[in-house]
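Reading through the structure tokens given below for one structure.
None of the values given here were measured: they were computed from a predicted structure. In what follows, every chain begins at residue 1, and chains take the letters A, B, ... in the order their sequences are listed.
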2 protein chains.
Amino acid sequence: MDIGAPNTKTVLLLAAGELFADHGFDAVSTRMIADKAKVNLGGIHYHFGSKEALYVAAFKYVCENEERPGLAKLLNTQPELEKTPEGRAKAILMTCRNFLDDLFDPSKPDWKSRLILREISTPSSALPILVREVFTRDFAEDIELYQRLKPGASYDEAMIWQGMLKTQAIFYLMAKTPLEMMRGNKPLDQDFLDSLIRTVAKSMIMLVDLPVPEELR
Amino acid sequence: MDIGAPNTKTVLLLAAGELFADHGFDAVSTRMIADKAKVNLGGIHYHFGSKEALYVAAFKYVCENEERPGLAKLLNTQPELEKTPEGRAKAILMTCRNFLDDLFDPSKPDWKSRLILREISTPSSALPILVREVFTRDFAEDIELYQRLKPGASYDEAMIWQGMLKTQAIFYLMAKTPLEMMRGNKPLDQDFLDSLIRTVAKSMIMLVDLPVPEELR
DNA sequence: GTCTATAAACCGATAGAC
DNA sequence: GTCTATCGGTTTATAGAC
């Protein structure tokens, strides 16, 4: 979907997306959306037809505009990394760092990721968009890469390996509030994030029998 | 909460818990709950006072009655496993297997786990119960164990290590439907579960510098 | 404790003026 | 394309009979 200047439709998409991400579809009313977007209530049905159609449009917009570079993409732009075991290990570490730093960057709003998370846990009519735009598109390359790193590996094994980063990243994004409460309201700071990056990268590197970089020891 | 014979209150707790787990708090009406429990609508307010109080009661009931044995508990019942590196590695593998087999056992209803998952992703007034009964209680022992296995390790590192099993288990429980759709409606079968168990166990074992059991090679 | 009836508020959606 | 007013339905919660 191509969107130019911030018109009513775009404003509605973004306001609705953030509200749905924060509270869930059923907890958000069309009046809340109209208020947040500073748009008349009737505009929702004029532009989208229904609340559900607005949700699907917002979800589709987010999926198609989110770019979360995986390991395979990094290796495509820096092919020399794939030539040596040390380079491949470094590429895995860089991917973990890029992915998690980006996801937890406080200057970047995280509602788009959380909206996707909601569709994962409570699928709606937007589920095919999720599967097509996120699951299939984002996973496929890294699955193929794993099977290149470990010839003969099963699809399941490849799927689980490339999921180690994403599943854990998603959990800590999702569980931020209770985790911080558990830690006595100490926020998940950069130290925590560094530990997570190092642990995930190290385990993924060791699982494909690559040498662990010195900085992870 | 001690509950004897299946009285109205218990029936309501269980019916409400399952519905909330399946659809979320806002998507479930008190009429749906009363219908499922085959209880009169007024009974909800008579026994619990409000829909929100019923949710909190159901959540508390689930948290207090769920027993998910961790690694530390296994070692307490079989202390001889902790004596050798091979035994410690085996204990980690057994914990992963027990945890995941139990979570994905088709004969066991998984709505209790999914209800907890919902409170994690969308905290409500029941959040303190979640933190106290699940996060603090379930995590503490394994965190302490990790620091025994790796003296001098930081709290964050220990937290992330013991979370490797739980975070990934939770993701696959949560994402079952879209994952199966991505796999062309092929279910997450025992082969997939075995791959997950093996991969998670292997990475956790290697992270604490223990020897990888022969069966995981 | 269980039931019916209903109050009061809110919901998504629509009609029609501008 | 934006606005107001409102419809028909559902929601939680309650009052009161039994």
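- If you take CE of B:M32 and P of D:dT10, they are 13 Å apart, rounded to a whole angstrom.
- Nearest nucleotide to the B:N40 side chain, out of C:dT4, C:dC11, C:dG1: C:dT4.
- Of all nucleotides listed (C:dG12, D:dT11, C:dT2), C:dG12 comes nearest to the side chain of A:K51.
- Of all nucleotides listed (D:dA13, D:dT2, C:dT4), D:dT2 comes nearest to the side chain of A:H47.
- When ring centroids are compared, A:Y172 and A:F192 come within the 6.0 Å threshold.
- Relative to the side chain of A:S50, the nucleotides C:dA13, D:dC3, C:dC11 differ in distance, and C:dA13 lies closest.
- Rounded to an integer number of Å, the gap from CG of A:D26 to C1' of C:dC11 is 11 Å.
- Using bins of under 30°, 30° to 60° and over 60° for the plane-to-plane angle, the ring pair B:Y55/B:F25 lands in the perpendicular bin.
- In this structure, B:I44 atom CD1 and D:dT11 atom C1' are separated by 12 Å, rounded to whole Å.
- Atom CG of A:L12 is separated from atom P of C:dG12 by 14 Å (rounded to the nearest Å).
- A straight line from OH of A:Y46 to C1' of C:dC18 spans 14 Å, rounded to a whole angstrom.
- For the residue pair B:S154/B:D156, the side-chain donor-acceptor check at 3.5 Å is not satisfied.
- For C:dT2, the OP1/OP2 oxygens have a side-chain nitrogen or oxygen of B:T8 closer than 4.0 Å.
- Across all strands shown, A:L41 has heavy atoms under 4.0 Å from base atoms, whether or not it also approaches the sugar-phosphate.
- A 4.5 Å side-chain heavy-atom check between A:Q162 and A:E157 finds every atom pair outside the cut-off.
- For A:L19 and C:dC11, the CG to P distance is 13 Å, given to the nearest whole Å.
- Between B:F25 and A:K38, the residue anchored closer to the 5' end of DNA chain D is A:K38, taking for each the nucleotide with the nearest heavy atom.
- With A:R68 as reference, A:D102 is the one residue of A:D102, A:D138, A:D101 to meet the salt bridge (Lys or Arg N to Asp or Glu O under 4.0 Å) rule.
- The side chain of A:H45 approaches C:dG12 more closely than any other nucleotide in the set D:dT2, C:dG12, C:dT4.
- Look at CG on A:D35: it is 12 Å from P on D:dT4, rounded to the nearest Å.
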